[in-house]
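The structure under discussion appears below in the form of structure tokens.
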There are 2 protein chains.
Amino acid sequence: MISKRCKYAIKAILYIARHQDQKRPIFSTEIAEKESIPKKFLEGILRDLRNHSILISQRGRNGGYTLHRPTSEINLIEIIRIMDGPIALQPCVSLKYYAPCEECISEKDCVIRKVFIQVRDTTLDIFKNATIERLTSDYGEGNTAE
Amino acid sequence: MISKRCKYAIKAILYIARHQDQKRPIFSTEIAEKESIPKKFLEGILRDLRNHSILISQRGRNGGYTLHRPTSEINLIEIIRIMDGPIALQPCVSLKYYAPCEECISEKDCVIRKVFIQVRDTTLDIFKNATIERLTSDYGEGNTAE
DNA sequence: TAATATTATATCAAGTTAGTAGGATTAATA
DNA sequence: TATTAATCCTACTAACTTGATATAATATTA
């Protein structure tokens, strides 16, 4: 399962993306209220996203958050990795967080490893294509009301 | 990530499958030693698999475990579900363990839900095809030694 | 009846998750 | 310059999960 932290992160980014035309930073308070996310919890998430160059933060009065990059250059893979770590179902098949399985003698001969590699690759492919741009444009389909 | 419990379960079933031609139940001790699984921990796993009709257990002297069904009728999906619960990355897209997401207002309009459904379906498909029969036959490829 | 297997229940340490609390820092504005 | 309103930072916590271990009961058979 994806953690709530991660899902909140995705929702927050989508919210900022949908409101960035207003040319002003978005407050954490606003996101928290509109997306039903505990405010203090959200603040930590937003800071984390800023530290990973997904968001830019502006401090002080009238501060808030804006996207650090165009929506076409932010995808779900990156967000999930920042928030939850490995996407792979086994340490030995993780690309970004590789670790050998303790109890395995030969990785090459491990039959289940091949299956987990398949799952990793298809999952990665789907999440890579799920950019914020695509997600927000889908959002509009048959749904003009905010 | 798949839990160790689940991975141990898969390894244990594969071990039993590879040795079932001996027409005798396989001891938990033997599996534990050969697959480097803590014995007591493994016992709990094997009991769980028996309770879910994956294994048959025989008590007493010369007891042990055998498969409850042909290897073609046991796949990774079933094992993962027994051990770890939902495969889906969000409660709202789980087929066997569905639950609405607390903070979501409209499931239909949730853009990320669609992505998680895609991931679920491809993952399910791969694990469904990964039967014990296929896994054990792959095992033999270019590797005759036990 | 002794040996050997599974079964059952309880316990536990460490780590993770989903928060909360309280204040420090920064910047615009009245 | 004082106030206000935003982000930033650190620490803490309750509940849950994971990966085991311990002890003993029960069943089978040589």
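So you know, we letter chains A, B, ... as the sequences are listed, proteins then strands, and number each from 1. For clarity, every value in this text was computed on a predicted model and none was experimentally measured.
Here B:Ile79 contributes atom CD1 and B:Asp48 contributes atom CG; the two are 12.0 Å apart, rounded to the nearest 0.5 Å. The structure places CD1 of A:Ile26 at 8.5 Å from CD of A:Gln20, a figure rounded to the nearest 0.5 Å.
Residue A:Ser28 is in sugar-phosphate contact alone, with no base atom involved, counting any heavy-atom pair closer than 4.0 Å across all strands shown. Residue-level contact check: B:Gln58 touches the backbone only, with heavy atoms under 4.0 Å from sugar-phosphate atoms and none from bases. At a threshold of 4.0 angstrom between heavy atoms, the contacts of B:Gly44 with the nucleic acid are absent.
Partner A:Leu49 forms a side chain to side chain contact (heavy atoms under 4.5 Å, CB included) with one of A:Ile74, A:Ile16, A:Leu55 and no other, that one being A:Leu55.
Residue B:Arg50 has its side chain nearest to C:dA8 when only C:dA8, C:dG19, C:dA3 are considered. Side-chain proximity of B:Arg5 to C:dT6, D:dG19, D:dT7: nearest is D:dG19. Ranking D:dG19, D:dC8, C:dG19 by closeness to the B:Phe41 side chain, first place goes to D:dG19. Considering only side-chain atoms of A:Arg61, the nucleotide from D:dC8, C:dT6, D:dA5 that sits closest is D:dA5. Here the nucleotide nearest the side chain of B:Pro38, chosen from D:dA6, D:dT26, D:dA20, is D:dA20. Candidate nucleotides C:dT6, D:dT3, D:dA20 were compared by shortest atom distance to the side chain of B:Lys4, and D:dA20 ranks first.
In terms of phosphate contacts, B:Asn62 brings a side-chain nitrogen or oxygen within less than 4.0 Å of OP1 or OP2 of D:dA30. Put simply, B:Ser57 has a side-chain N or O that comes within less than 4.0 Å of OP1 or OP2 on C:dT7. The side chain of B:Tyr8 places no N or O atom within less than 4.0 Å of a non-bridging phosphate oxygen (OP1 or OP2) of D:dT18. Taking 4.0 angstrom as the limit, A:Ser3 places none of its side-chain polar atoms (N or O) nearer than this to OP1 or OP2 of C:dT17.
The nearest whole Å value for the distance from the CG atom in B:Leu42 to the P atom in C:dA5 is 14 Å. Rounded to whole Å, atom P of D:dA27 lies 15 Å from atom OH of B:Tyr65. For B:Met1 and D:dG19, the CE to P distance is 11 Å, given to the nearest whole Å. If you measure from atom CD of B:Glu43 to atom P of D:dT26, you get 17 Å, rounded to the nearest angstrom. Look at CG on B:Asp84: it is 8 Å from P on D:dG19, rounded to the nearest Å. The interatomic distance linking B:Arg24 (CZ) with D:dT29 (P) rounds to 15 Å, in whole Å. B:Leu49 places its CG atom 14 Å from the C1' atom of C:dT6, with the value rounded to the nearest Å. Rounded to a whole Å, the CZ atom of B:Arg47 is 12 Å from the C1' atom of D:dT26.
With A:Ser137 contributing its side chain and A:Arg134 its backbone, the two residues share a donor-acceptor pair below 3.5 Å.
Take the nearest nucleotide of DNA chain C for B:Phe27 and for B:Asn51: the residue whose nucleotide is more 5' is B:Phe27.
Interface remark: the B:Lys40 side chain does form a donor-acceptor pair with the D:dT23 base, using a distance-only criterion of under 3.5 Å. Remark: the A:Arg59 side chain and the C:dT25 base include a donor-acceptor N/O pair separated by less than 3.5 Å.
Looking at heavy atoms from C-beta onward, B:Phe116 lies out of side-chain contact with B:Cys92 at the 4.5 angstrom threshold.
By the 4.0 Å N-to-carboxylate-O rule, B:Glu78 lies too far from B:Arg81 to be salt-bridged with it.
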